[in-house]
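Keep in mind that the numbers below use all heavy atoms, side chains included, and drop hydrogens, waters and symmetry copies.
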Amino acid sequence: QVRLVESGGGSVQAGGSLRLSCTASGYSKIDNCMGWFRQPPGSEREGVAAIASDDYQTYADFVKGRFTISKDSAKNILYLHMDALKPEDTAMYYCAARDWFRNGNCLDGGPGRYDFWGQGTQVTVSS
């Protein structure tokens, strides 16, 4: 059984930083995508950043230069380091995983292509 558990969310002032973690268990696909998505209040879920099993990273334009995705494959932990946070980054952040067939990047097709999801961790940025 695949299980993804996020942690690290919280409240921070604009300009601050947070690091989210996602601990994965039960998922052993060699060719995979691991991604971070977010859902602001009243909005649809959107892709933030993703990393393929070959370490290729993809970022949404609105986080480029501010957020960094990384992973510790030995510990099965996915990270999202967020700097220069803005109030518009306020959202529930989700970790997700899916198989990757080595075609396109891991944000292609949006959240609907992901099979496994965590429960989310709330990030609130105040001005």
On a heavy-atom basis, which atom in [X] and which in [Y] lie closest, and how many Å separate them?
X: Pro40; Y: Glu44; result: CD-O, 3.9 Å
X: Ala14; Y: Ser127; result: CB-CA, 4.3 Å
X: Gly26; Y: Val2; result: O-CG2, 3.4 Å

Reported [atom1]-to-[atom2] distance for the pair [X] and [Y], which is rounded to 0.5 angstrom:
X: Arg113; Y: Arg98; atom1: CZ; atom2: CZ; result: 4.0 Å
X: Asp115; Y: Asn32; atom1: CG; atom2: CG; result: 11.5 Å
X: Cys106; Y: Asp54; atom1: SG; atom2: CG; result: 7.5 Å
X: Ile77; Y: Cys22; atom1: CD1; atom2: SG; result: 9.0 Å
X: Ser73; Y: Asp55; atom1: OG; atom2: CG; result: 6.5 Å
X: Thr68; Y: His81; atom1: OG1; atom2: NE2; result: 7.0 Å

| message | Please determine whether the number of non-hydrogen atoms from other residues, nucleotides or ligands lying under 6.0 Å from atom CZ of Phe62 exceeds 12. | response | yes
> Is there a chain of hydrophobic side chains (I, L, V, M, F, W, Y, each step under 4.5 Å between heavy atoms) that links Val48 to Trp100?
Replying inline: no
Residues at least two apart in sequence or cross-chain that pass salt bridge (Lys or Arg N to Asp or Glu O under 4.0 Å) with Asp31, listed by chain then number, are Arg102
Residue set satisfying salt bridge (Lys or Arg N to Asp or Glu O under 4.0 Å) with Glu88, at least two apart, ordered chain then number -> none
Look at the side chain of [X] and the backbone N and O of [Y], then say whether any donor-acceptor pair between them is shorter than 3.5 Å.
X: Trp36; Y: Tyr79; result: yes
X: Glu6; Y: Ser21; result: no
X: Thr121; Y: Gly9; result: yes
X: Lys75; Y: Thr23; result: no

Do [X] and [Y] come within less than 4.5 Å of each other through their side chains, counting heavy atoms only?
X: Thr90; Y: Val123; value: no
X: Gln13; Y: Val125; value: no
X: Glu46; Y: Arg38; value: yes
X: Tyr93; Y: Gln122; value: no
X: Leu4; Y: Met34; value: yes

Side chains of Asn105 and Tyr59: any donor to acceptor distance under 3.5 Å?
no
Taking atom types as modelled, find out whether Ser17 and Asp83 have a side-chain donor-acceptor pair closer than 3.5 angstrom. yes
Which of Leu80, Thr58, Ile69 passes side-chain contact (heavy atoms from CB on, under 4.5 Å) with Ile51? It is Ile69
With sequence neighbours left out, the residues meeting side chain to side chain donor-acceptor pair (under 3.5 Å) with Lys64 are Asp61
Side chain to side chain donor-acceptor pair (under 3.5 Å) filter on Arg66, not counting sequence neighbours, yields Asp89
Exercise for the section: Evaluate the criterion side-chain hydrogen bond (donor to acceptor under 3.5 Å, both in side chains) for residue pair Asp99 and Tyr27; output intermediate values, then yes/no. Expected result: CA-CA 10 Å; Asp99 296 351; Tyr27 186 62; 3.0 Å; yes
The side chain to side chain contact (heavy atoms under 4.5 Å, CB included) partners of Ser25 (sequence neighbours excluded) come to Arg3
Grouping ILVMFWY residues whenever side-chain heavy atoms fall under 4.5 Å, the cluster of Leu107 otherwise contains Phe37, Met92, Tyr94, Tyr114, Trp117
